[in-house]
Asks: 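Below is the structure I would like to discuss, written out as structure tokens.
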Amino acid sequence: MAAASASDVTNVVSGQQPGLSHVAIIMDGNGRWAKARGLPRAAGHERGVEALRRTVEAAGEIGIRYLTVFSFSTENWRRPAAEVNALFGLLKAYVQRDLARLTREGVRIRIIGQREGLPADVAALVDKAERTTADNSKFFLTIAFNYGGREEIARAARRMALAVEAGELKPDEIDETRLGHFLDTDMLPDPDLLIRTSGEYRLSNFLLWQCAYAELVFMDVLWPDFDRASLEEALAKYQERERRFGAVSPGAY
Ligand code: IPE
Ligand code: IPE
Ligand code: MG
């Protein structure tokens, strides 16, 4: 495996690296960040929103086109109601505060996950963010909220079954591409790079289908401390990888 040269990294950082268009992030470690400071967990989540703002800005400047972040999982309902409510409140506050600016900056916002389980006010705001930015195409910010990879695949299977029942789809036509169109991420390329912060080495049900060939980078930084330098560090690691997609390296024979 070749080490990245400075110019390779510069290429990635300037967005010129072919093949790096979609970065996905599991934003983890807010609670531990707060605990280390004797603060309530909600304070960690608040600082996590600031890290998200920084990261969206840095990703845009670097030339990344697609950024998908894990913000609330279908399993996060297991947390105390007060924490769940704080997380909903923060999503609302983020959209309310940043929507006008993101719209001006050409960001297209999409929320993936199960929409039905969301409180009505959150669902309405999410719809508004998607509608308002629907014509933008400079940068694609996708927020996984009430999202679980298995739930997404099960929901896609259910919709395909309904399409078969309605005579719109034949069982023989179901292949990887067709199934992909039934997922929430239809229209997004698969992530090239998946980053997880906070030193945990797991996917926690994030983009299970889509990350089949993503390069995984696990970092010790807690999400509220994540910044442009952290993103560049992850991109430099990505640059050191050789993506083979099951084939052999050129020169292996
Ligand atoms: C990530 O931080 C935010 C969500 C999962 C909603 P955590 O809240 O999981 O923080 P830790 O992992 O407990 O430190
Ligand atoms: C994953 O983090 C979900 C989000 C970052 C939104 P968790 O903190 O919920 O994951 P586990 O419980 O450590 O696997
Ligand atoms: Mg966590």
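Side-chain atoms are counted along with the backbone in the values below, which use heavy atoms only and exclude waters and symmetry mates. Whatever order the structure lists them in is the order used to number ligands and atoms, beginning at 1.
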Asks: Which protein N, O or S atoms sit under 2.8 Å from the Mg ion (ligand 3)?
Replies: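 The answer is D28 OD1.
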Asks: For the ring pair F145 and F70, is the centre-to-centre distance below 6.0 Å?
Replies: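 No, ring centres 6.0 Å or more apart.
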Asks: So how far is it from K237 NZ to L216 CG, rounded to the nearest 0.5 Å?
Replies: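 CG of L216 is found 12.5 Å from NZ of K237.
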Asks: Below 4.5 Å, heavy atoms only, C-beta onward: do Y66 and V23 meet side chain to side chain?
Replies: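 Y66 does not reach V23 side chain to side chain.
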Asks: How many angstroms lie between atom CG of N76 and atom CG of L87, to the nearest 0.5 angstrom?
Replies: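 The CG atom of N76 sits 7.0 Å away from the CG atom of L87.
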Asks: Specify the closest pair of heavy atoms between I25 and F206, including all atoms of both residues, with the distance to one decimal.
Replies: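 Closest pair (atom of I25, atom of F206, distance): O-CE2, 3.9 Å.
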Asks: Run through all N or O atoms in ligand 1 and write down each protein N or O closer than 3.5 Å, as a pair with its distance.
Replies:
from: ligand 1; atom 1: 2 (O); to: G29; atom 2: N; distance (Å): 3.3
from: ligand 1; atom 1: 2 (O); to: N30; atom 2: N; distance (Å): 3.2
from: ligand 1; atom 1: 8 (O); to: R41; atom 2: NH2; distance (Å): 2.9
from: ligand 1; atom 1: 8 (O); to: R79; atom 2: NH1; distance (Å): 2.7
from: ligand 1; atom 1: 9 (O); to: D28; atom 2: OD1; distance (Å): 2.9
from: ligand 1; atom 1: 9 (O); to: R79; atom 2: NH2; distance (Å): 2.9
from: ligand 1; atom 1: 10 (O); to: N30; atom 2: N; distance (Å): 3.2
from: ligand 1; atom 1: 10 (O); to: G31; atom 2: N; distance (Å): 2.9
from: ligand 1; atom 1: 12 (O); to: D28; atom 2: OD1; distance (Å): 2.8
from: ligand 1; atom 1: 12 (O); to: R32; atom 2: NH2; distance (Å): 2.7
from: ligand 1; atom 1: 13 (O); to: R41; atom 2: NH1; distance (Å): 3.2
from: ligand 1; atom 1: 13 (O); to: R41; atom 2: NH2; distance (Å): 3.0
from: ligand 1; atom 1: 14 (O); to: G31; atom 2: N; distance (Å): 3.3
from: ligand 1; atom 1: 14 (O); to: R32; atom 2: N; distance (Å): 2.7
from: ligand 1; atom 1: 14 (O); to: R32; atom 2: NE; distance (Å): 2.8

Asks: Just checking, is any N or O donor in the side chain of Q210 or T185 under 3.5 Å from an acceptor N or O on the other one?
Replies: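 Indeed, the side chains of Q210 and T185 share at least one donor-acceptor pair under 3.5 Å.
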Asks: List ligand 2 atoms under 4.0 Å from R202, heavy atoms only on the residue side.
Replies: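 Matching atoms, with element in brackets: 11 (P), 13 (O), 14 (O).
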Asks: Can the ring centroids of F88 and F72 be said to lie less than 6.0 angstrom from one another?
Replies: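 Distance test on ring centres: under 6.0 Å, yes.
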Asks: So which heavy atom on L222 is nearest to which on G29, and how close?
Replies: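 Smallest heavy-atom distance, with atoms named: CB-O, 3.8 Å.
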Asks: I'd like to know if R78 contacts ligand 2, where contact means a heavy-atom distance under 4.0 Å to any ligand atom.
Replies: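 The answer is no: ligand 2 sits nowhere under 4.0 Å from a heavy atom of R78.
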Asks: Which heavy atom in T197 sits nearest to a heavy atom in F226, and how many Å separate them?
Replies: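 Of all heavy-atom pairs spanning T197 and F226, the closest is CG2-CD1, 3.6 Å.
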Asks: Closer than 4.0 angstrom, basic N to acidic O: yes or no for R115 and E130?
Replies: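 A salt bridge is present here (some side-chain N lies under 4.0 Å from a carboxylate O).
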